[in-house]
Amino acid sequence: MIIQDRMRVTGQREIAKNIFEMKLTGKLVGEINSPGQFVHIRVSDSFEPLLRRPISIASIDHQANEMTIIYRAEGRGTQLLSMKKEGDEVDVLGPLGNGFPVGETSPGETAVLIGGGIGVPPLYELSKQLTAKGVTCIHVLGYQTADVSFYEEEFIRLGETYIATVDGTKGSAGFVTDVMEKIGDGFTTYYSCGPMPMLNAVQTAYTGKRGFLSFEQRMGCGIGACFACVCETTDKTDKEYIKVCSDGPVFPAGVVSI
Amino acid sequence: MIIQDRMRVTGQREIAKNIFEMKLTGKLVGEINSPGQFVHIRVSDSFEPLLRRPISIASIDHQANEMTIIYRAEGRGTQLLSMKKEGDEVDVLGPLGNGFPVGETSPGETAVLIGGGIGVPPLYELSKQLTAKGVTCIHVLGYQTADVSFYEEEFIRLGETYIATVDGTKGSAGFVTDVMEKIGDGFTTYYSCGPMPMLNAVQTAYTGKRGFLSFEQRMGCGIGACFACVCETTDKTDKEYIKVCSDGPVFPAGVVSI
Amino acid sequence: MNRLAVELPGLQLKNPIMPASGCFGFGKEYGNLYDLSMLGAIMIKATTLDKRFGNPTPRVAETASGMLNAIGLQNPGLQGVMENELPWLEQYDVPIIANVAGTETADYVEVAKTISMAPNVKALELNISCPNVKCGGITFGTNPQQAHDLTAAVKEVSEVPVYVKLSPNVTDIKEIAKAVEAGGADGITMINTLVGMRLDQKTGRPVIANITGGLSGPAVKPVAIKMVYEVSQVVQIPIIGMGGVSETADVIDFLSAGASAVAVGTANFVDPFICPKIIEELPSKLDELGVNQISELVGRSHRL
Amino acid sequence: MNRLAVELPGLQLKNPIMPASGCFGFGKEYGNLYDLSMLGAIMIKATTLDKRFGNPTPRVAETASGMLNAIGLQNPGLQGVMENELPWLEQYDVPIIANVAGTETADYVEVAKTISMAPNVKALELNISCPNVKCGGITFGTNPQQAHDLTAAVKEVSEVPVYVKLSPNVTDIKEIAKAVEAGGADGITMINTLVGMRLDQKTGRPVIANITGGLSGPAVKPVAIKMVYEVSQVVQIPIIGMGGVSETADVIDFLSAGASAVAVGTANFVDPFICPKIIEELPSKLDELGVNQISELVGRSHRL
Ligand SMILES: Cc1cc2nc3c(=O)[nH]c(=O)nc-3n(C[C@H](O)[C@H](O)[C@H](O)COP(=O)(O)OP(=O)(O)OC[C@H]3O[C@@H](n4cnc5c(N)ncnc54)[C@H](O)[C@@H]3O)c2cc1C
Ligand SMILES: Cc1cc2nc3c(=O)[nH]c(=O)nc-3n(C[C@H](O)[C@H](O)[C@H](O)COP(=O)(O)OP(=O)(O)OC[C@H]3O[C@@H](n4cnc5c(N)ncnc54)[C@H](O)[C@@H]3O)c2cc1C
Ligand SMILES: Cc1cc2nc3c(=O)[nH]c(=O)nc-3n(C[C@H](O)[C@H](O)[C@H](O)COP(=O)(O)O)c2cc1C
Ligand SMILES: Cc1cc2nc3c(=O)[nH]c(=O)nc-3n(C[C@H](O)[C@H](O)[C@H](O)COP(=O)(O)O)c2cc1C
Ligand code: FES
Ligand code: FES
């Protein structure tokens with residue numbers, strides 16, 4: 001169920017240049033049911049900035065009733081978020097949307113998880129859940145540069161991990177697609193989150209494979225009521241459009257017209 | 001000189017119901033030259049609330065480079081101000097305006113200081129400076145109720161102090177003017193700050209005495225440029241209007257048409 | 001007696017709070033969050049004759065204390081609304097105000113005629129003020145004669161009272177208000193969004209794919225209050241006020257300005273529970289103001 | 001070459017940043033804070049033929065990301081400005097744009113004629129858009145024919161180029177812009193304030209003594225950007241843009257929208273050092289955008 005929760009900040013640290021990892025506790029955590037779901041955060045009680053910010057859930061700890069988000073402090077809203085301190089309260093709406101289907105890969109099978117920049121975070125919880133059930137995960141993570149890369153250690157702990165940076169300052173130089181060529185096609189499913197051009201490249205490279213892509217759109221309500229976040233579908237027969245916030249953000253590859 | 005200073009909060013406590021005493025340190029303190037001057041405070045970096053809030057300087061400690069303000073947390077701005085914690089920075093513009101003329105009362109003479117509610121604070125620094133130079137101060141402080149009264153002890157330490165509350169929950173029941181009747185006219189000057197009806201009553205009661213009144217007006221710039229805070233003068237020959245922010249906030253009794 | 005009850009043409013409102021059109025879809029999403037029966041009414045998303053996909057994305061952009069939108073009247077069309085949306089809403093004890101949009105008089109009339117027959121539609125809201133569609137919409141809202149004629153045409157076919165939604169993007173909104181009143185409008189809703197733009201910092205190009213968008217949220221409230229204040233003094237028909245309502249105090253302001261009820265738009269995005277919160281807070285606010293029945297506040301800004 | 005230099009009719013600007021009329025008095029107060037010679041220009045407070053006290057107080061009220069003002073053109077009158085204010089400003093190396101206001105054509109003409117002879121007045125800004133005075137002002141700004149005729153009359157007597165300041169409170173600002181261009185205007189300044197109101201929570205009465213006020217600040221920026229974007233595409237004369245400029249990024253937006261220079265109003269109250277701060281930040285902003293000369297940004301929102 002979607003709830004509005006005043007969650008308490010239990011941790012906030014800069015894990016890469018302008019990239020923050022924030023831990024939040026509250027009853028909302030108990031409502032999260034799949035990796036790739038997101039929350040809609042009100043960054044202050046002021047009306048400026050006005051709108052909530054959609055941020056993916058990067059990790060869940062049901063025991064501690066805690067979740068982790070990872071975000072880039074860029075505009076007004078995320079910068080304000082980065083100034084919150086341990087003990088502060090944050091107004092969080094969630095969990096929202098439909099996440100990555102963990103059930104689509106069976107124990108013993110292999111899944112490739114491809115993330116780009118600030119699209120990497122939700123893949124972490126996904127990988128935790130997949131590996132926990134016996135899926136072998138291969139991670140392909142792309143960043144602009146080494147200094148904005150994060151969570152390498154964490155992903156390595158879960159499985160084979162390849163890093164690509166555009167400028168070659170970490171891992172191989174180039175894009176995630178360059179790395180993907182090296183991996184071959186000995187896998188069952190792929191899951192991806194990142195900028196639109198990357199999603200497009202991944203989908204094109206893996207035609208024929210079963211894949212799931214997580215999309216971004218500018219949002220108003222975040223719950224499906226305002227029609228801000230629509231994308232056209234490729235197959236117009238059923239629905240002409242989908243809403244990223246409530247139908248997504250994750251869709252099977254091929255559903256959304258990129 | 002007027003400066004813009006990011007002052008550091010060195011103390012914040014609620015001294016009566018919704019009444020806060022805040023201590024701030026910064027180089028602005030060195031610029032203050034008379035009691036009754038005020039500062040213009042930006043309560044957050046957001047554009048909502050947008051405007052600065054004018055607050056009187058209640059006390060100055062040049063040794064510690066510290067000043068005290070006392071304010072009522074009422075609207076959006078002052079409520080935000082009350083949430084600042086020790087160590088936080090606040091954008092303060094000041095010192096602004098012309099304060100109470102300490103020189104108008106000579107050592108050995110007696111001055112009556114009459115304050116109402118949130119008009120009481122600037123009288124504290126004034127009394128400190130007057131008593132320091134050998135003036136006998138009589139304080140008449142009016143509040144709505146006991147639970148919003150403050151600084152009784154502090155004023156008592158400086159001189160004779162009368163409290164009046166509208167509902168009689170502290171001191172005598174009624175208005176400051178009721179107390180003033182008891183004091184008689186064995187004094188040289190009076191200084192007053194408080195709501196307009198009070199200033200009017202004080203001025204009327206003390207016709208013939210030399211007095212100085214501090215006024216309030218809604219402000220824009222706070223420095224004399226926008227013409228938001230004007231009052232008409234009684235004597236239109238010299239100037240038709242005065243600006244509370246830069247010509248005042250303190251004026252000799254009789255100058256401003258109330 | 002219910003202190004919050006308000007009676008308007010066609011509408012028995014439990015309270016004067018209703019979500020504004022386009023900010024609440026057809027109720028389903030918010031229906032997952034709280035019981036919609038507690039609302040005074042619901043203004044559903046604009047319905048056009050045929051279904052519409054609307055404008056390309058991005059469709060929204062944030063501004064200081066406001067937002068721009070250019071959704072472009074995306075909706076499932078008259079048939080879809082009649083078959084799927086309105087019947088679903090019947091489970092709730094809440095009057096529906098159907099927002100009707102079109103490009104020419106004929107399709108306004110057709111939508112109005114059909115949708116006004118739905119059992120839970122208690123009033124129409126004629127959208128002559130949408131800034132986000134190329135033809136129709138706002139052109140009717142900026143010309144008094146056209147506004148008058150469209151109102152009259154719709155009144156002729158509607159089974160329920162007709163409210164006309166005014167655009168603030170005009171030199172003199174009083175003129176338009178008087179024209180729709182003369183055309184037979186039973187009420188006025190105002191304001192729709194102000195036209196605005198936001199540019200991308202890097203490229204300098206408009207953020208919204210449609211180039212311009214409609215500005216809403218707390219930023220526009222002073223403009224809305226001023227227009228309600230003005231219009232309520234020149235027409236006899238009631239006004240449902242909106243534009244930036246985000247907290248209980250704003251409701252008091254709109255009523256004081258002259259509105260009889262209030263719609264909440266953008267604030268639903270900021271706080272999805274804002275309507276129930278306001279409804280809950282209103283009685284104690286009335287106590288504070290020493291007012292028994294909420295309607296006593298209507299127009300007190302210009303009453304002696 | 002100075003990367004920030006901008007050349008406009010009558011004005012050699014060191015940089016495109018100037019305080020907006022009414023938000024900077026006649027410069028004295030800000031002159032105590034920083035050297036006024038660093039400004040691109042100064043738009044002084046409106047000058048009328050006779051001195052004016054203006055409206056009763058309260059004259060300002062805060063709104064979400066904005067403020068209302070109804071100063072009512074308080075100023076020392078033409079003679080006072082000529083004798084005291086302008087000569088004092090001569091100590092600075094900065095062009096003055098004199099904001100000229102009036103109630104009828106004759107007094108506009110008289111003020112324009114005299115004030116345009118002051119040695120440091122390099123341009124006039126014809127205020128046909130002040131919402132806070134009963135007659136004159138905004139009535140000229142909402143009627144294309146009147147706007148045209150007033151512009152032509154003032155052009156005839158002015159010794160310096162004439163910029164006309166437009167009101168956003170109109171259905172179609174392009175029409176007014178084209179009318180003043182046809183009337184001979186050398187430039188346009190826009191936007192003046194939107195009309196708005198704020199009510200007192202307790203009494204429900206208007207906070208501003210004048211009842212309505214002009215809305216300015218970040219809240220109105222999307223409206224201003226949209227209007228500059230539109231007008232810059234239908235006139236050949238340059239635009240000085242304003243409305244909510246509060247940080248360097250806003251300057252980029254106004255230039256991108258089509259303004260050649262930018263005025264800063266309300267933001268001076270929020271941060272009295274905002275103009276020098278923006279001027280200081282502009283060069284590195286240009287670096288970020290890969291732009292050498294600031295004028296290259298002008299109109300890039302609608303250039304291919
Ligand atoms: C489903 C979803 C999940 C996301 N998960 C993450 C995450 O885990 N970590 C992370 O760093 N970012 C994530 N993003 C992107 C993040 O929402 C934006 O970076 C953020 O909203 C920008 O806000 P700002 O205050 O920095 O920028 P501003 O420029 O102040 O934003 C202005 C407005 O534009 C919107 N906006 C700007 N960029 C984007 C964007 N890329 N996507 C959607 N809205 C945008 C803002 O929400 C706001 O309404 C996600 C976006 C979506 C849609
Ligand atoms: C020279 C001067 C000295 C002052 N000294 C003190 C003091 O020492 N302690 C104290 O508690 N208060 C003082 N005040 C009053 C104080 O400025 C207001 O209470 C405060 O601005 C209200 O802000 P808010 O955020 O609580 O209210 P809001 O309702 O959010 O304010 C909205 C707007 O109205 C203005 N405003 C509201 N009330 C007043 C008022 N009474 N005077 C001026 N502007 C107002 C605000 O500044 C703001 O621009 C002083 C005012 C002036 C002019
Ligand atoms: C995302 C969005 C979509 C809207 N869609 C419609 C619509 O379909 N029909 C309509 O009449 N108004 C529409 N509006 C305008 C609102 O109903 C309302 O008039 C306006 O937003 C002002 O109120 P607010 O400031 O509370 O949002 C829309 C507004 C928003 C923000
Ligand atoms: C307090 C105040 C006084 C103003 N006085 C004038 C004036 O005398 N003449 C004029 O043309 N505009 C006047 N304006 C309008 C501004 O010059 C400017 O057009 C408007 O405020 C929008 O810019 P901003 O959002 O940066 O303030 C005034 C604005 C304010 C806030
Ligand atoms: S953000 Fe409102 S429908 Fe998706
Ligand atoms: S507040 Fe601007 S002149 Fe006093």
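Per chain, numbering begins at 1; letters A, B, ... match sequence-line order.
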Atom pairs and distances, donor-acceptor, side-chain atoms in residues 223-234 of chain C, under 3.5 Å, two or more places apart:
from, atom 1, to, atom 2, distance (Å)
C:K226, NZ, C:E230, OE2, 3.1
C:S232, OG, C:V228, O, 2.8
C:S232, OG, C:Y229, O, 3.2
C:S232, OG, C:A257, O, 3.2
C:S232, OG, C:H302, NE2, 2.9
C:Q233, NE2, C:Y229, O, 2.9

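- Donor-acceptor pairing under 3.5 Å is lacking for the side chains of C:T142 and D:T171.
- Ranked by non-hydrogen atom pairs under 4.5 Å with chain C, the options D:D172, D:D253, D:V220 are led by D:D253.
- Between D:S301 and C:P206, the shortest heavy-atom distance links the atoms O-CD, 4.0 Å.
- C:K221 has its side chain out of reach of D:T63: every pair of non-hydrogen atoms, C-beta onward, lies at least 4.5 Å apart.
- Contact count versus chain C (heavy atoms, under 4.5 Å) is highest, among D:A249, D:P218, D:S256, D:G299, for D:A249.
- Interface summary for chain C: among D:A64, D:S246, D:G66, the most heavy-atom pairs under 4.5 angstrom belong to D:A64.
- Proximity to chain D is limited to the side chain of C:I211, based on heavy atoms less than 4.5 angstrom apart.
- Between the CG atom in C:D200 and the CD1 atom in D:I252 there is a gap of 12.5 Å [rounded to 0.5 Å].
- A pairwise comparison of heavy atoms in C:A219 and D:A219 identifies CB-CB, 3.7 Å as the closest pair.
- Contacts of residues 280-291 of chain C with chain D at a heavy-atom distance below 4.5 Å involve C:K285, C:L289, listed in sequence order.
- Only the side chain of C:L68 comes within contact range of chain D, with at least one heavy atom under 4.5 Å from a heavy atom of that chain.
- Contact of D:L215 with chain C is made through the side chain alone, with heavy-atom distances under 4.5 Å.
- One N or O on the side chain of C:R300 and one on the backbone of D:T203 form a donor-acceptor pair closer than 3.5 Å.
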